[in-house]
2 protein chains.
Amino acid sequence: MANQLHLSIDRSSPVPLYHQVVQGIEAAIHTGLLEPGSRLENEIDLAAQLNLSRPTMRKAMDELVRSGLLVRKRGVGTQVVSSQVRRPLELSSLYDDLTNNGSKPTTEVLTFAHVEADAATREALHLAAGAKVYHFTRLRKVGGKPLALMENWVRDDITHIDEDLLKTQGLYSILRSGGVNFRLATQRIGAMVANDYQAPLLETEPGSALVTMERTAVDDTGRNVETGHHVYRGDSYSFEMTLVQR
Amino acid sequence: MANQLHLSIDRSSPVPLYHQVVQGIEAAIHTGLLEPGSRLENEIDLAAQLNLSRPTMRKAMDELVRSGLLVRKRGVGTQVVSSQVRRPLELSSLYDDLTNNGSKPTTEVLTFAHVEADAATREALHLAAGAKVYHFTRLRKVGGKPLALMENWVRDDITHIDEDLLKTQGLYSILRSGGVNFRLATQRIGAMVANDYQAPLLETEPGSALVTMERTAVDDTGRNVETGHHVYRGDSYSFEMTLVQR
DNA sequence: AATCAGAGTATGTCCTAACAAACGGACATG
DNA sequence: CATGTCCGTTTGTTAGGACATACTCTGATT
């Protein structure tokens with residue numbers, strides 16, 4: 001039970017100590033060194049072994065508990081959560097998701113415009129009347145098979161966007177390059193049936209099931225940077241997430 | 001700018017100080033006392049005003065940042081980012097959601113059985129061959145209108161469950177009364193079209209859009225307590241959540 | 001006048017220290 | 001034998017201090 005996890009802590013690294021611990025324990029869990037259900041040593045001993053203070057050790061474990069990898073119980077100890085914990089739903093775009101999975105997505109830009117924002121967009125992005133936005137629709141395919149139809153509105157005072165850029169990069173990657181630090185996003189997931197416009201583009205039948213997602217993303221300065229309305233083929237996409245009780 | 005938030009901290013309360021601060025600031029934001037975009041005073045002054053140490057104040061603000069209500073920036077300060085931040089997706093059941101919203105849901109129990117678990121269920125709940133589970137399907141209505149069709153499998157070594165109980169209480173409420181402390185859940189959200197079995201029950205047409213959700217919930221001892229497959233009417237239900245970049 | 005350096009400010013990280021509360025098992029008691 | 005009480009263990013909460021780092025603004029220099 002006294003699982004010896006020999007992590008190496010680099011005090012000269014710019015990476016905070018607690019985060020090094022997080023990465024170390026995550027790695028130990030994923031490589032199977034720490035088995036699901038096994039108990040960790042207590043915080044104080046672990047901290048002593050790594051020459052860290054208890055608060056630092058605790059902060060690391062806090063993160064792991066939050067992300068659902070560990071479970072703590074007062075008076076008992078801390079153990080690795082059993083079962084196969086999936087990647088929690090993070091602030092990432094579809095493009096990120098797919099490239100992380102090893103697929104190679106392609107993007108077609110169906111429409112692209114730099115126009116005055118309509119009322120709904122102004123509301124979503126908190127813009128004043130007369131402000132302009134980039135408005136475009138894209139079709140994303142994986143392995144030649146269409147997967148998602150995406151319509152987005154992006155404020156134009158962040159970075160320049162054009163059609164060529166959108167073909168080669170995900171939207172979030174472009175915005176991050178433009179200096180945007182995303183902090184949070186609100187999204188809503190639902191369902192609809194494909195209409196006559198969507199069906200041929202997604203190479204499916206009108207009346208087939210689609211997953212819908214509406215999302216608005218906010219950056220660290222509080223600006224609502226982007227809002228979008230996406231639909232995914234219901235037979236090949238679903239949202240998977242891990243919820244952690246706080 | 002120096003927004004005086006006169007919170008009252010009760011040191012004799014069993015509620016931790018940092019959590020009292022969280023609740024106080026949350027309340028201030030929701031009542032509009034703290035406006036979106038406004039800057040808070042710095043951590044040290046706030047802590048001093050409430051007679052708290054900086055770590056305690058910081059822990060409170062950490063939680064608010066995690067939940068997406070505040071945004072911090074080194075060298076600058078902390079500000080309210082709110083806008084219309086919705087309730088994040090928590091580990092709650094539909095019944096909880098609805099009762100919290102003031103609606104009055106009713107539940108019909110369509111089938112109920114105490115049976116040996118099939119292979120898929122044994123895998124989902126990590127049960128040994130021959131173990132028995134409660135298996136039941138329920139139809140949930142709000143205002144007389146059907147909203148969700150739910151099929152669940154629950155291990156039987158937790159608490160007794162019967163049909164009458166399910167009519168009057170949500171499943172999670174029953175399990176919590178049985179001593180289960182939920183810690184995390186993995187869920188997957190997708191879409192499908194209603195089939196001939198689902199459509200009449202949900203009082204909709206075959207071929208209309210449904211939101212699907214599969215969920216497996218884990219308690220604090222690492223047991224997979226419950227797994228379920230739910231479908232919701234796409235025209236009246238969607239999942240809303242706030243994602244926070246860590 | 002434009003640019004760069006530095007002071008000031010606020011959050012970020014890390015430490016030592018202490019007490020509280022819950023859990024589980026051992027032990028004593030009826 | 002059953003039940004309740006005590007105690008050691010482990011996490012939970014809180015304090016107070018120190019230094020690091022990033023950002024903003026101002027003043028000095030070119």
Side-chain angles (χ1 to χ4, degrees), chain A residues 1-3 9-23 25 38-66 70-81 179 181 183 219-222 245-246, chain B residues 1-3 7 9-23 25 38-66 70-81 179-181 183 219-222 245-246:
Chain A
M1 239 131 269
N3 223 318
I9 301 295
D10 177 6
R11 294 189 94 89
S12 67
S13 160
V15 178
L17 302 182
Y18 69 85
H19 199 249
Q20 291 184 40
V21 176
V22 169
Q23 292 173 328
I25 296 182
S38 64
R39 276 209 303 282
L40 298 185
E41 292 180 73
N42 72 57
E43 298 170 350
I44 297 176
D45 288 351
L46 277 177
Q49 282 175 31
L50 298 175
N51 273 3
L52 297 172
S53 71
R54 186 181 163 214
T56 301
M57 192 67 216
R58 223 179 127 67
K59 176 154 189 178
M61 298 178 99
D62 271 344
E63 282 210 17
L64 291 162
V65 168
R66 268 199 292 129
L70 298 181
V71 167
R72 284 195 282 217
K73 237 176 158 180
R74 197 192 293 201
V76 179
T78 305
Q79 61 178 238
V80 181
V81 157
N181 298 305
R183 276 305 150 89
D219 78 354
D220 58 2
T221 64
Q245 183 80 308
R246 40 173 198 179
Chain B
M1 250 143 261
N3 222 321
L7 309 174
I9 301 296
D10 178 5
R11 284 186 171 272
S12 65
S13 160
V15 178
L17 302 182
Y18 71 85
H19 200 248
Q20 291 185 38
V21 176
V22 168
Q23 292 173 327
I25 296 183
S38 63
R39 278 209 302 283
L40 297 185
E41 291 180 73
N42 72 57
E43 297 171 349
I44 297 175
D45 287 352
L46 277 177
Q49 280 175 33
L50 298 175
N51 273 1
L52 298 172
S53 70
R54 187 181 165 214
T56 302
M57 194 66 217
R58 224 180 127 67
K59 175 152 190 181
M61 296 176 99
D62 272 346
E63 283 212 14
L64 291 161
V65 168
R66 269 198 291 131
L70 297 182
V71 164
R72 283 196 283 216
K73 239 177 159 179
R74 198 193 292 203
V76 180
T78 304
Q79 61 177 196
V80 181
V81 76
V180 175
N181 297 305
R183 275 304 148 89
D219 78 353
D220 58 3
T221 64
Q245 183 80 309
R246 40 174 199 176

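FYI, side chains are in, hydrogens and waters are out, and symmetry mates aren't considered; it's all heavy atoms of this structure. Numbers restart at 1 for each chain; the letters A, B, ... are given by sequence-line order, proteins then strands.
The side chain of A/Lys59 contributes an N or O atom lying less than 4.0 Å from OP1 or OP2 of C/dT13. Between B/Arg72 and C/dA10, a side-chain N or O to OP1/OP2 separation shorter than 4.0 Å is absent. For C/dT13, neither phosphate oxygen OP1 nor OP2 lies less than 4.0 angstrom from any side-chain nitrogen or oxygen of A/Thr56. For A/Thr78, a side-chain nitrogen or oxygen approaches OP1 or OP2 of D/dT11 to under 4.0 Å. Contact annotation: A/Tyr18 side-chain N/O to C/dT13 OP1/OP2 distance is under 4.0 Å.
Here the side chains of B/Leu52 and B/Arg11 are in contact, with some heavy-atom distance below 4.5 Å. In this structure, A/Met61 and A/Arg58 have side chains that are not in contact, with every pair of non-hydrogen atoms separated by 4.5 Å or more. Within the 4.5 Å cutoff, the side chain of A/Val65 has no heavy atoms near those of the A/Val71 side chain. Put simply, the side chain of A/Leu17 reaches to within 4.5 Å of the side chain of A/Ile9, judged on heavy atoms.
When heavy atoms are screened at a 4.0 angstrom cut-off, B/Pro14 is found touching no nucleic acid atom at all.
Put simply, CZ on B/Arg39 is 11 Å from C1' on C/dT9, counting in whole angstrom units. We find that CE of A/Met57 is positioned 16 Å from C1' of C/dT13, with the value rounded to whole Å. Taking atom CD on B/Glu43 and atom P on C/dA10, their separation rounds to 10 Å, with Å as the unit. To the nearest angstrom, C1' of C/dT11 lies 14 Å from CD of B/Gln79. Here the P atom of nucleotide D/dT13 and the NE2 atom of B/His19 are 10 Å apart, to the nearest Å. A straight line from CG of A/Leu50 to C1' of C/dT13 spans 17 Å, rounded to a whole angstrom. D/dT11 atom C1' lies 13 Å from atom CG of A/Leu40, rounded to whole Å. Following rounding to the nearest Å, B/Arg58 (CZ) and D/dA15 (P) show an atom-to-atom distance of 15 Å.
A residue-by-residue look at B/Arg74 and B/Asn51 shows that B/Asn51 has its nearest nucleotide of DNA chain D further toward the 5' end. Two residues, B/Met61 and A/Leu52, neighbour DNA chain C, and the one matched to the more 5' nucleotide by heavy-atom proximity is B/Met61. Map B/Gly77 and A/Val15 each onto its nearest nucleotide of DNA chain C; the residue landing nearer the 5' end is B/Gly77.
Each of C/dA18, C/dC15, C/dC23 was ranked by its minimum atom distance to the side chain of A/Arg54; first place goes to C/dA18. Distances were taken from every side-chain heavy atom of A/Pro55 (C-beta onward) to each of C/dT11, C/dA17, D/dT13; the shortest belongs to C/dA17. In the set C/dC14, D/dA15, D/dC23, the nucleotide with an atom closest to the side chain of B/Val76 is D/dC23. Here D/dA15 is the nucleotide among C/dC15, D/dA15, C/dT11 with the atom lying nearest to any side-chain atom of B/Arg11. Closest to the side chain of B/Asn42, out of C/dA10, C/dC15, D/dC23, is C/dA10.
In terms of modelled atom types and a separation under 3.5 Å, the side chain of A/Gln20 and the main chain of A/Asp10 share a donor-acceptor contact.
The distance from the CG atom of B/Asn42 to the CZ atom of B/Arg39 is 11.0 Å, given to the nearest 0.5 Å.
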